[in-house]
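Presented below is the structure to which this report refers.
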Amino acid sequence: MKKRLNILFITLILTAVLAACSSDADNEGDNNGTDDKVSEDMSPEDFEGDLDIWTFFGDVELMAERFEEKYPNVNVNVEVFPGDQYQTKLMNAINSNTDVPDIFDLERSYMGKFINQEFVADLTELGADELVEDYIPYVKELGMGEDGSVRAISDHASPGAFWYHRDLAEEYLGTDDPEEVSEMVSDWDSIIELGQQVQDDSNGEVHLISHFGDVYNTEKNNPELWLEDNSLVIDDQWNEIFENMKSIRDLGIDAKLGYHSGGWGDALNEGGVIMFANPAWASFMVGNEDGEAEGKYGLAETPSGYYEGGTYRAMFNGSDNKALAYEFIKFIAGEEWQQYNLEETGNMPALQSLYEENADSFTHEFFGDQKVLETYYELLMDIPANRATENNNDISTLWYDATSEAIDKGQSYNDAMESFKASVQNNYPEIEVE
Amino acid sequence: MFGTKINKDPHGYYFIAPFFISFFIFGLGPILYSFYLSFTNWTGFDQPEFIGLANYERLIQDTVFLKSISNTLIIWIFSIIPQLTIALTLALILHEKFIRGRHLFHAIFYFPNIITPITIGVMFALMFDWQTGSINQFLLSIGIINEPIYWLNDPWLARIIVALTMMFQNFGFNMLVFLAGLQAIPKDLYEAAEIDGASRVQTALRITIPLIRPVLIFTLITSVIGGLQIFDAPLMIGKGPDNSTLTMIMNLYEAAFVRYDYGYGATIAYGAFVVIAIATAITFMIPGVRKKREAK
């Protein structure tokens, strides 16, 4: 008996270890037997079957509902995995090649790690270049792989701009007119000057901006990418960004409320800070019981166009449901859905044509009768179009961590760069750091 | 004395088999696999590439890893000393029969232990927030300070705040363990001491403390193991200036699940294992534990 048990246990250990070490060579896309070709003259009714989508973003359920309405013979199963667990869950599914969904969502901050992998379908082969032809350049470029093929498509853009309290702007800036306010905050020198004026006029009670981090958020896409031939390159623009951040803190212009902190949320809703650099999707952070936030804010242009966040949809290369999956991607990249999404959720479209079509009609309840699409469109076209890379976003975060800590401690840019380089070297030993 | 009564029927193995089977599959399997991973370079997307001891060489030169060890130990010491002192003091007080509503106090002091560490982390981060935290607001309102204190901008203050979260969460649990130990002490000893005219302090020092030594050792060892694995609460509070509150497990989490450097993450896990093993071994060397072993 004892001997048999010993054998049983040893077998179990070996099974467990071998299972864990097992090769996942067969994970990579297996297109055999799939029907990738979609006939041009197929109508929505001709599509049938089940489509599995994994996401971290609840709104995909709305998207799926609309798709099912249009494609009555299709059933879309959306699984939402909130939080950090999503990436791990997705990678486990892909590595073990079990229950991998046909379509999976990727967030732009980590998308660069995924989209050049073999398990991500090349959408260009399916004709996706046409879908993104009229896209906002940065939105299109971000979803492209290293080889220039389309690997992931988003149904929205996520531009940022200054949201300002109209009442405070009227009181301290002398106007709440979006164009005039945009003019007043068109560069950081003007913002610093204006911030000091607000500081003096309010005896330090009211601040122009919430945190020096707004400089980083709005400017972080402008410098050159961090890596060139795997060596760290520090663009001079970073120095300027640091100096502006530091001046804002040293001159008492910011309210020292960290981005998305509790105090920041209070100030956004209740005041005490005039303007906030916010992405277009930030409206869920505004309390609007009984319509209290209607017309409360104005939208002004930030010194540079910037974006924050963004959800992209990629297709699993090994999916045996590619035709239907592509049809879904086509649907979300199209005007019909993006127009509906704009009206329903206020998410900014990825298609340029929709900005023009809605420029004179679209308003958002928080911004009163201001036609916000025009402001967003100008800012969006100012965003440099870069492809998602593996580490660029993470290195930018390391830069911000090092510089914000240096500013909090009253240190110089050189001190901050020493600490930044050390942390890049520590986190990515393969990168050459001078 | 029970030797003759033990039933050595081999069928007993079937009853313990479920635990061992699940342990081998879900416990030992991943442990061995992560050990293998620690010798590889793996981002999770392709095949792990065997790189020998390179990760371990990187680990011993990794200043952040070394710092995370010292941070963890400092936070643990700041937490464990007040934690056990408060727990033992409260247990001794609540063990006294004259305290009214003892059970209510047991529940109140145990309450923080049932809150998740993440919630406590968020709570402390909000309380010690620079501009809007309740601590600063309170100190400002009673005039002790004129400017809000940036608590989490100072390495030592940040570590103390993290230690405080651990202490707040765990002192109630340790208090209950101490109380259980106190209740196991035979009443005859106290009666004898009372007859001999011993004071309360003498009774506590000569009877209570020596007899709950095994319980003290238990709490100490579990605190070493648990305290050195602290993760959730400091994650919510942040890494602190100069990574001063970055703990070993936070460092592991960042390597494996933020940067997707699974190979190096596994190496950090084994590094942390060695540190915890050494710390536990040192705990066994303290006099109380040795005495117990000698007594055996």
Side-chain angles (χ1 to χ4, degrees), chain A residues 1-2 4-5 8-21 23-25 27-28 84-85 87-88 91-92 94-95 110 113-114 116-119 210-211 255-258 261-267 272 390-391 394 397 401 405-406 408-409 419 422-423 425-430, chain B residues 9-11 13-14 16-17 20-37 41 43-48 54 58 61-65 122 125-126 129-133 148 150 152-154 238-243 251 253-262 264:
Chain A
M1 182 67 202
K2 200 174 170 187
R4 261 193 291 164
L5 274 171
L8 174 73
F9 286 158
I10 289 166
T11 317
L12 278 169
I13 296 172
L14 284 175
T15 318
V17 174
L18 289 175
C21 303
S23 160
D24 53 0
N27 289 351
E28 288 150 10
D84 292 353
Q85 300 305 312
Q87 280 184 77
T88 312
M91 285 175 80
N92 283 342
I94 290 166
N95 282 325
Y110 58 75
K113 293 186 177 82
F114 282 78
N116 293 308
Q117 306 292 337
E118 283 183 39
F119 57 77
S210 58
H211 198 266
K256 303 186 185 104
L257 298 171
S261 66
W264 180 92
D266 288 346
E390 200 178 330
N391 299 326
D394 295 340
T397 308
D401 288 347
E405 206 175 296
D408 280 341
K409 286 190 201 160
S419 140
S423 78
Q425 192 65 94
N426 194 276
N427 287 339
Y428 306 100
E430 71 282 3
Chain B
D9 189 328
H11 287 93
Y13 287 113
Y14 292 122
I16 60 165
F20 283 99
I21 292 170
S22 59
F23 170 71
F24 283 131
I25 296 173
F26 299 110
L28 194 63
I31 288 170
L32 294 176
Y33 185 54
S34 61
F35 188 58
Y36 158 70
L37 281 184
N41 185 9
T43 57
F45 291 118
D46 37 20
Q47 291 297 306
R58 179 181 164 190
Q61 293 165 14
D62 182 347
T63 48
V64 174
F65 175 69
V122 171
L126 288 174
D129 186 83
W130 182 15
Q131 295 297 316
T132 55
Y150 195 175
L152 297 170
N153 194 36
D154 180 276
K239 286 189 276 188
D242 296 329
N243 287 325
N251 190 27
Y253 172 79
E254 292 211 343
F257 301 106
V258 176
R259 298 198 299 275
Y260 289 94
D261 192 349
Y262 286 118
Y264 191 57

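Within every chain, numbering begins at 1; the chains are lettered A, B, ... in the order of the sequence lines, protein sequences first and strands thereafter.
By number of non-hydrogen pairs under 4.5 angstrom with chain A, the leading residue of B:G133, B:P148, B:P241, B:A255 is B:P241.
The heavy-atom pair separating A:K113 from B:F45 by the smallest distance is O-CE1, 3.3 Å. Residue A:L257 comes nearest to B:Q131 through the heavy atom pair CD2-CB, 3.8 Å, listed as atom of the first residue, atom of the second, then distance. Minimum interatomic distance between A:N427 and B:R58 (heavy atoms only, all atoms of both residues): O-NH2, 3.7 Å.
Atom CG of B:D154 and atom CG of A:D408 lie 12.0 Å apart (nearest 0.5 Å). Note that CH2 of A:W264 and OG1 of B:T132 are 13.0 Å apart. Values are rounded to the nearest 0.5 Å. Interatomic distance, B:F257 CZ to A:M91 CE, rounded to the nearest 0.5 Å: 10.0 Å. Here the straight-line distance linking atom CD of A:E405 with atom CG of B:N243 works out to 7.0 Å at 0.5 Å rounding. To the nearest 0.5 Å, the span separating CG on B:D46 from CD on A:Q117 amounts to 6.5 Å.
Using a 4.5 Å cut-off between heavy atoms, A:A255 contacts chain B through its backbone alone, with no side-chain atom that close. With a 4.5 angstrom heavy-atom cutoff, B:F23 does not touch chain A via any of its atoms. Proximity to chain A (any heavy atom under 4.5 Å) is shown, for B:F65, by neither the backbone nor the side chain. If you measure heavy-atom distances from A:D401 to chain B, the contacts under 4.5 Å come from the side chain alone. Heavy atoms of A:Q87 lying under 4.5 Å from chain B belong to its backbone as well as its side chain. Residue B:Y262 touches chain A through its side chain alone, counting heavy-atom pairs closer than 4.5 Å.
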Fill in: Steps toward side chain to side chain contact (heavy atoms under 4.5 Å, CB included) verdict (B:Y150, A:K256)
CA-CA 10 Å; B:Y150 195 175; A:K256 303 186 185 104; over 6 Å; no

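The shortest side-chain heavy-atom distance between A:K409 and B:D242 falls under the 4.5 Å cut-off.
Of the possible polar contacts, one joining the A:N95 side chain to the B:G44 backbone as a donor-acceptor pair under 3.5 Å is found.
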